[in-house]
Amino acid sequence: MSKAERTRQFIIEQTAPVFNKQGYAGTSLNDLTAATGLTKGAIYGNFENKEEVALAAFDYNLGLVNEGLRAGTLNGSTVREQLLATPRFYRQRYPLMKQHGGCPILNAAVECDDAPPAALLQRVQDSLARWHRNIVHLIEKGQQTGEIKPAADASRYASLFITLIEGGILVSKTTGSPTALLTSLDHIEHLIETELVV
């Protein structure tokens, strides 16, 4: 990795939690210089503008979540275990996510609802679509192996799981209590055990 690439990565890593906590519109260039200890010129020497830094920070924050989800899924020896890895991941990682500003998808989605920067909105939509496809693929794989009930509507369950997780995070973040998210995760596990698994 070149010095320029290391500097760029440093900027992304240092500013990612700032964007996630303060929002993409609410984060100023001064916030970025304070987080990195670099000058404005150093930041703009590595990124065209603040939006480019924000998009890289979103990708970085999302990558941390995806990495954890992927690791849990890969460790599961059955489709049941792979499906259960998602609620287990959020149950374990929510305190750390909260400390770093919450779920990057939810934060960016809420912000895009008010004044959508087109590129950020596209990133959010793409990440939700990819998450949905991954769950659908896993359920359909289980149907092919006989682990998941053949009548289960994979797309419906994928939408339901994502909605329960993101809604649970929203309510938990707003109330300051993890109860809503934990209840949602319990419900996802119940659905997997009673409605999906053969």
Side-chain angles (χ1 to χ4, degrees), residues 16 20 55-98 100-113 116-174 178-198:
N20 204 40
L55 293 174
F58 174 79
D59 291 342
Y60 178 80
N61 286 325
L62 182 63
L64 294 176
V65 175
N66 287 341
E67 188 179 293
L69 285 171
R70 194 169 25 257
T73 302
L74 291 174
N75 287 336
S77 58
T78 65
V79 170
R80 173 186 170 273
E81 283 299 314
Q82 292 170 14
L83 286 169
L84 289 171
T86 296
R88 288 176 183 161
F89 167 80
Y90 279 98
R91 186 174 281 111
Q92 292 167 354
R93 289 292 295 273
Y94 178 69
L96 184 61
M97 287 176 79
K98 182 182 172 193
H100 290 96
C103 174
I105 297 172
L106 178 64
N107 292 345
V110 168
E111 189 162 350
C112 288
D113 187 45
L120 183 59
L121 177 60
Q122 188 63 55
R123 289 267 209 309
V124 172
Q125 291 171 339
D126 291 347
S127 62
L128 287 170
R130 191 167 40 253
W131 190 7
H132 186 274
R133 279 193 309 272
N134 290 342
I135 297 171
V136 167
H137 171 74
L138 198 50
I139 292 171
E140 289 177 344
K141 176 180 147 188
Q143 288 171 323
Q144 291 167 4
T145 62
E147 296 174 72
I148 300 295
K149 294 175 183 173
D153 183 338
S155 181
R156 177 180 171 273
Y157 280 101
S159 295
L160 185 57
F161 292 175
I162 292 168
T163 302
L164 284 166
I165 290 168
E166 294 299 336
I169 291 172
L170 175 65
V171 175
S172 290
K173 186 176 177 184
T174 304
T179 303
L181 176 60
L182 296 176
T183 300
S184 293
L185 299 176
D186 288 344
H187 188 57
I188 291 170
E189 290 170 341
H190 176 75
L191 290 172
I192 291 168
E193 300 284 22
T194 62
E195 295 188 17
L196 289 179
V197 175
V198 173

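Nothing here was measured: the structure is a model prediction, and the numbers come from that model.
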Write down the atom of Leu196, the atom of Ala152, and the distance for their closest heavy-atom approach.
CD2-CB, 3.5 Å
Verify, without hydrogens or angle tests, whether Gln143 (side chain) and Lys149 (backbone) share a donor-acceptor contact under 3.5 angstrom.
yes
Is any side-chain heavy atom of Pro87 closer than 4.5 Å to a side-chain heavy atom of Phe161?
no
Donor-acceptor under 3.5 Å (Lys98 side chain, Ser172 main chain):
no
With rounding to the nearest 0.5 Å, note down the distance linking SG in Cys103 to CZ in Arg93.
11.5 Å
Separation between OG1 (Thr86) and CD1 (Ile192), nearest 0.5 Å, reads 7.5 Å
Within the distance-only criterion (no hydrogens, no angle test), does the side chain of Asn20 pair as donor or acceptor with the backbone N or O of His100 below 3.5 angstrom?
yes
Enter the distance from Ile139:CD1 to Ile148:CD1 here, rounded to the nearest 0.5 Å.
7.0 Å
Is any side-chain heavy atom of Arg91 closer than 4.5 Å to one of Asp186?
yes
Given Ile169, Leu62, Asn61, the one that forms side-chain contact (heavy atoms from CB on, under 4.5 Å) with Ile105
Leu62
Please walk me through it: do Val197 and Glu147 pass side-chain contact (heavy atoms from CB on, under 4.5 Å)?
CA-CA 6 Å; Val197 175; Glu147 296 174 72; over 6 Å; no
State, yes or no, whether a side-chain contact exists between Leu164 and His187 at a heavy-atom distance under 4.5 Å.
yes
Pairwise distance CG(Leu106) to CG(Leu128) - rounded to 0.5 angstrom:
9.5 Å
Pairwise side-chain contact, Val171 with Leu181, heavy-atom cut-off 4.5 Å (strictly under):
no
Is there a side-chain contact between Leu185 and Tyr94 in this structure, where contact means two heavy atoms from C-beta onward sitting under 4.5 Å apart?
no
For the student: nearest non-hydrogen atoms of Ala108 and Val124, plus distance
CB-CG2, 3.4 Å
Is it true that Arg133 and Asp126 have a side-chain N and a carboxylate O under 4.0 angstrom from each other?
no
Can you name the salt bridge (charged side-chain N to carboxylate O under 4.0 Å, His left out) partners of Arg80, sequence neighbours left out?
Glu193
Run the side-chain donor-acceptor check on residues 64-76: report pairs under 3.5 Å with partners two or more places apart or on a different chain.
| unit_1 | atom_1 | unit_2 | atom_2 | d |
| --- | --- | --- | --- | --- |
| Thr73 | OG1 | Leu69 | O | 3.0 |
| Asn75 | ND2 | Ala71 | O | 3.2 |

Any Trp131 side-chain heavy atom under 4.5 Å of Ile165 side chain:
yes
Derivation and outcome, side-chain contact (heavy atoms from CB on, under 4.5 Å), residues Arg88 and Glu81:
CA-CA 10 Å; Arg88 288 176 183 161; Glu81 283 299 314; 2.8 Å; yes
Can you name the salt bridge (charged side-chain N to carboxylate O under 4.0 Å, His left out) partners of Glu195, sequence neighbours left out?
none
Please name the pair of heavy atoms, one in Ala57 and one in Ala16, separated by the smallest distance, quoted to 0.1 Å.
CB-CA, 3.7 Å
Interatomic distance, Arg130 atom CZ to His137 atom NE2 [nearest 0.5 angstrom]:
15.0 Å
Which residues satisfy the side-chain hydrogen bond (donor to acceptor under 3.5 Å, both in side chains) test with Asp59, sequence neighbours excluded?
Arg123
Restricting to side-chain hydrogen bond (donor to acceptor under 3.5 Å, both in side chains), what partner residues turn up for Thr183, sequence neighbours left out?
none
Residues Asn107 and Glu111: side-chain donor-acceptor under 3.5 angstrom
no
Going by side-chain hydrogen bond (donor to acceptor under 3.5 Å, both in side chains), name the residues that satisfy it together with Gln82, two or more places apart in sequence or in a different chain.
Lys141
Spatial distance of atom CD1 (Ile188) from atom CG (Leu160) [nearest 0.5 Å]
7.0 Å
Ala158 and Val136 have their tightest heavy-atom pair at CB-CG2, 3.8 Å
Heavy-atom nearest pair, Gly168 first then Ser184, reads CA-OG, 3.8 Å
